[in-house]
*Asks:* 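Okay, here's the structure, questions in a sec.
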Amino acid sequence: MEIDELTPAERTVWEAFPKGRPVDFRRTADESPADGGGWGPERTVRAVVLKALLLDGPEERGEVAALKLAGARITGETDLRYATVDHIVRLSDCFFDGVLNISGTQLRYLNLSGSHLPGLTGARTRVDGGLRLTGCRFRGPVRLGGAQIAGALYLEDAEITADGERPGPVLQLHQVTVGEDLCASGLRTRGEIRLNGATISGSLRLGEARLSGPGVFVLNAEALEVGANVLGRRLSTDGRIDLRGARIPGRLDLLYSRLSNPGGTALRASSCVIGEVWLRDGETIRGRLNLRRSQIDHLDLAPEMLPEQVRLLDLTYTSLTPHEPPERRLPMLERDEDTYDPHGYEQLTAAYRRTGDDHAARLVQLAKQRRHRTTLPWYGRWWGRVQDATVGYGFRPMRALGWLLSLLAIGSVAFALDAPPALKADEAPPFNPVFYTLDLLLPVISFGQESAFAPRGLQQALAYILVLTGWILATTVIAGVTRTVSRQ
């Protein structure tokens with residue numbers, strides 16, 4: 001391209017390029033690129049001119065050529081597909097008429113901070129440094145699937161919408177590789193972010209982001225791998241987050257978050273391996289929470305954030321905070337589609353035992369037996385109720401002693417008021433109502449009273465009741481003790 005074919009604005013950019021000198025067409029520091037469609041020729045640069053500069057622009061010995069342009073209107077489609085750009089590119093606070101296409105392009109560094117674009121296409125692009133899209137406004141989708149970015153990817157305070165586009169993700173980052181952090185704090189999207197299969201060496205930062213897509217995915221990050229953390233403090237979503245199969249060695253931080261997808265799944269983090277999950281101090285989740293088959297070292301989960309539907313089948317965790325009484329923790333095990341999951345009760349029991357709260361651990365085991373009882377046939381449910389009423393399935397042994405003392409008192413008083421006649425008066429020992437009642441209640445102990453006296457009428461009925469009750473107490477105590485010992 002000859003320099004005499006350039007407009008005055010383009011000539012300014014062309015002459016600044018060899019020395020890497022910045023060109024700033026902005027008239028005020030606070031002007032908005034959203035008004036760029038009305039900017040005149042004095043700050044308009046054709047995309048073909050920028051392409052010519054980047055691929056075959058002038059250079060000066062001893063200088064580092066670079067394209068540094070701010071506040072310009074860029075007309076036409078900027079097509080750099082499969083090119084190799086050896087220069088730093090900074091196009092900040094610019095207004096693009098056409099889509100920027102860098103598919104398959106190899107770049108050193110690209111900075112589009114604050115610019116307004118109808119879209120960005122960069123599938124399988126390679127960036128040796130960072131890719132900065134901070135504060136950008138995209139009126140169409142951003143497609144960076146399969147991109148390899150050696151540095152960080154910046155999307156802080158960016159806004160991406162795709163009104164009128166065919167259905168599909170507004171931000172495609174599937175199979176992307178990021179050598180440092182993916183910084184998206186304050187990001188605002190309307191539609192799906194696709195991050196499945198992505199690899200981020202640092203952290204994924206989504207603090208204070210606003211992701212909207214009612215009834216659909218807002219973050220599809222299946223099989224995501226990060227080297228550190230997923231930071232979503234004060235994240236707000238209206239749609240589904242899917243982290244199935246993700247690997248997060250650090251923490252999944254969702255403090256103060258608002259997750260909403262009524263009628264569907266708000267957060268799915270199933271089959272994941274995560275160091276820590278922080279889910280508290282935010283609003284109650286609207287929609288299902290799915291943590292099935294995940295392995296979590298530390299689970300920091302506030303009961304008040306749990307929704308009505310929780311999926312925890314085969315969830316494994318080492319520690320659980322904050323320390324809450326079992327009455328506040330057990331409901332989450334009862335909301336899993338009415339499914340009895342013994343593993344969930346065992347995990348909660350182990351968490352209490354690690355903190356030394358054996359009383360809470362016993363209450364969880366008692367709740368487990370009661371829940372299991374609902375899955376049994378009628379005779380199993382009947383026997384379970386008897387065990388529950390007598391010894392609390394072995395976790396309340398003092399209850400059996402209470403029953404024993406009560407029945408002993410009833411029998412002793414009844415037989416003291418009306419002693420049964422002796423079978424052989426000349427051979428019978430002196431009648432003792434307490435020992436006689438104990439003989440009836442305790443099937444394996446004999447005080448020589450039961451075989452010497454023969455109750456009649458109502459006395460005989462009472463004796464049969466005491467014998468039957470004694471056998472039931474003995475059987476339930478043995479069953480409860482056996483169950484308790486097997487848990488140790």
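Residue indices begin at 1 and follow the sequence shown.
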*Asks:* Given 3.5 Å as the limit, does a donor-acceptor pair link the side chain of Ser412 with the main chain of Ala409, or not?
*Replies:*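 Checking the backbone N and O of Ala409 against the side chain of Ser412, no donor-acceptor pair under 3.5 Å is found.
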*Asks:* Under 3.5 Å, is there a donor-acceptor pair linking the side chains of Thr177 and Gln148?
*Replies:*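 Judged by distance alone, the side chains do not pair up.
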*Asks:* Start with the C-alpha distance between Asp314 and Arg292, add both sets of side-chain angles, then the distance that settles salt bridge (Lys or Arg N to Asp or Glu O under 4.0 Å), and finish with yes or no.
*Replies:* CA-CA 6 Å; Asp314 293 330; Arg292 288 183 170 180; over 6 Å; no
*Asks:* Counting N and O atoms only, with roles assigned by atom type, does the side chain of Asn229 sit under 3.5 Å from a partner on the main chain of Leu231, one being a donor and the other an acceptor?
*Replies:*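 A pair under 3.5 Å: no.
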*Asks:* Does atom NE2 (His359) have a neighbourhood of more than 12 heavy atoms from anything else shown, all under 6.0 Å?
*Replies:*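 Incorrect, the count does not exceed 12.
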*Asks:* Quick one: pull up CG in Asn196 and CD in Glu222 and give me the separation to the nearest 0.5 Å.
*Replies:*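 Result: 6.5 Å between the selected atoms.
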*Asks:* Do the side chain of Ser294 and the main chain of Ala269 share a donor and acceptor less than 3.5 angstrom apart?
*Replies:*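 Yes, because the side chain of Ser294 sits within donor-acceptor range (under 3.5 Å) of the backbone of Ala269.
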*Asks:* Please report the interatomic distance CD(Gln460) to CG(Leu462), rounded to the nearest 0.5 Å.
*Replies:*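 It comes to 11.0 Å.
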*Asks:* Taking atom CZ of Arg456 as the centre, report whether more than 12 heavy atoms of other residues, nucleotides or ligands fall under 6.0 Å from it.
*Replies:*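 Result for CZ/Arg456: open.
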*Asks:* If we count only N and O atoms by modelled type, under 3.5 Å, do the side chains of Arg258 and Ser236 hold a donor and an acceptor together?
*Replies:*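 A donor-acceptor contact under 3.5 Å links the two side chains.
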*Asks:* Is a side-chain donor-acceptor pair under 3.5 Å present for Ser270 with Arg268?
*Replies:*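 Indeed, the side chains of Arg268 and Ser270 share at least one donor-acceptor pair under 3.5 Å.
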*Asks:* Keeping the roles fixed (side chain from Asp358, backbone from Ala360), state whether a donor-acceptor pair exists under 3.5 Å.
*Replies:*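 No, Asp358 side chain to Ala360 backbone: no donor-acceptor pair under 3.5 Å.
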*Asks:* Within a radius of less than 6.0 Å around CZ of Arg210, do more than 12 heavy atoms belonging to other residues, nucleotides or ligands occur?
*Replies:*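 Enclosed.
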*Asks:* Gln365 and Thr349: side-chain donor and acceptor closer than 3.5 Å?
*Replies:*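 A pair is found: one side chain offers a donor N or O, the other an acceptor, under 3.5 Å apart.
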*Asks:* Taking atom CZ of Arg137 as the centre, does the number of heavy atoms from other residues, nucleotides or ligands within less than 6.0 Å exceed 12?
*Replies:*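 Count over threshold, so yes.
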*Asks:* From Arg288 CZ over to Arg240 CZ, what is the distance, rounded to the nearest 0.5 angstrom?
*Replies:*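 Atom-to-atom, Arg288:CZ and Arg240:CZ are 7.5 Å apart.
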*Asks:* Return yes if some donor-acceptor pair links the side-chain N/O of Thr189 with the main-chain N/O of Leu171 below 3.5 Å, else return no.
*Replies:*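 Judged by distance alone, no pair lies under 3.5 Å.
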*Asks:* Step by step, would you call Ser113 with Asn111 a side-chain hydrogen bond (donor to acceptor under 3.5 Å, both in side chains)?
*Replies:* CA-CA 6 Å; Ser113 296; Asn111 185 343; 2.7 Å; yes
*Asks:* Could you check whether His298 and Thr318, counting side-chain N and O atoms only, form a donor-acceptor pair closer than 3.5 Å?
*Replies:*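 There is no such pair between these side chains.
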*Asks:* Measuring from atom CD1 of Ile285 to atom CE of Met305, what distance do you get when rounded to the nearest 0.5 angstrom?
*Replies:*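 If I round to the nearest 0.5 Å, the distance is 5.0 Å.
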*Asks:* Is the NZ or CZ atom of Arg132 positioned over Tyr154's six-membered ring, under 6.0 angstrom from the centre and within 45° of the axis?
*Replies:*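 Yes, cation above the ring, under 6.0 Å and within 45°.
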*Asks:* Closer than 3.5 angstrom, by distance alone: can the side chain of Asn261 be matched with the main-chain N or O of Gly264 as a donor-acceptor pair?
*Replies:*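 Side chain of Asn261 to backbone of Gly264, a donor-acceptor pair under 3.5 Å: no, none is there.
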*Asks:* Could you measure the distance from the CD atom of Glu308 to the CE atom of Met332? Nearest 0.5 Å is fine.
*Replies:*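 Here the rounded value is 14.5 Å.
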*Asks:* Verify side-chain contact (heavy atoms from CB on, under 4.5 Å) between Leu110 and Leu107, making sure each step is shown before the conclusion.
*Replies:* CA-CA 7 Å; Leu110 177 60; Leu107 298 156; 4.1 Å; yes
*Asks:* Run through Val176, Ile149, Ile102 and flag the one making a side chain to side chain contact (heavy atoms under 4.5 Å, CB included) with Thr125.
*Replies:*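 Filter result, single survivor: Ile102.
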*Asks:* I want to check something: taking the side chain as every heavy atom from C-beta on, are Arg329 and Leu320 in contact at a cut-off of under 4.5 Å?
*Replies:*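 Yes, side chains in contact.
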*Asks:* Any chance the side chains of Ser103 and Asn101 put a donor and an acceptor closer than 3.5 Å?
*Replies:*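 Yes.
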*Asks:* Could you check Glu156 against Ser185 for side-chain hydrogen bond (donor to acceptor under 3.5 Å, both in side chains), going step by step and ending with a plain yes or no?
*Replies:* CA-CA 5 Å; Glu156 305 106 319; Ser185 300; over 6 Å; no
*Asks:* Walk me through whether Val89 and Leu91 qualify under side-chain contact (heavy atoms from CB on, under 4.5 Å).
*Replies:* CA-CA 6 Å; Val89 180; Leu91 300 169; 4.0 Å; yes
*Asks:* Could you measure the distance from the CD atom of Gln347 to the CG atom of Leu299? Nearest 0.5 Å is fine.
*Replies:*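 So the CD of Gln347 and the CG of Leu299 are separated by 10.0 Å.
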*Asks:* Against Leu187, only a single residue in Ile193, Leu235, Leu133 fulfils side chain to side chain contact (heavy atoms under 4.5 Å, CB included); can you say which?
*Replies:*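 Looking at Ile193, Leu235, Leu133, the match for Leu187 under the side chain to side chain contact (heavy atoms under 4.5 Å, CB included) is Ile193.
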*Asks:* Could you tell me if the ring centre of His323 sits under 6.0 Å from that of Tyr352?
*Replies:*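 Ring-ring flag for His323/Tyr352: true, centres closer than 6.0 Å.
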*Asks:* Taking Arg190's backbone N and O only, do any of them form a donor-acceptor pair with Ser212's side chain (distance below 3.5 Å, no angle check)?
*Replies:*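 No.
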*Asks:* Could you check whether any side-chain N or O of Ser201 sits under 3.5 Å from a backbone N or O of Gly227, counting only pairs where one atom can act as donor and the other as acceptor?
*Replies:*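 Checking the backbone N and O of Gly227 against the side chain of Ser201, no donor-acceptor pair under 3.5 Å is found.
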*Asks:* Would the distance check show the side chain of Asn432 and the main-chain N or O of Val434 forming a donor-acceptor pair, the cut-off being under 3.5 Å?
*Replies:*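 Looks like yes, one N/O pair under 3.5 Å.
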*Asks:* Could you tell me whether the side chain of Asp300 and the main chain of Val277 form a donor-acceptor pair under 3.5 Å?
*Replies:*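 A pair under 3.5 Å: no.
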*Asks:* Hey, which of Val226, Leu243, Ile296 is the one that makes side chain to side chain contact (heavy atoms under 4.5 Å, CB included) with Leu252?
*Replies:*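 The side chain to side chain contact (heavy atoms under 4.5 Å, CB included) with Leu252 is passed solely by Leu243 among Val226, Leu243, Ile296.
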*Asks:* In sequence, state the C-alpha distance, the side-chain angles, and the governing distance for Leu333 and Leu312, and then conclude on side-chain contact (heavy atoms from CB on, under 4.5 Å).
*Replies:* CA-CA 7 Å; Leu333 304 178; Leu312 301 177; 4.2 Å; yes
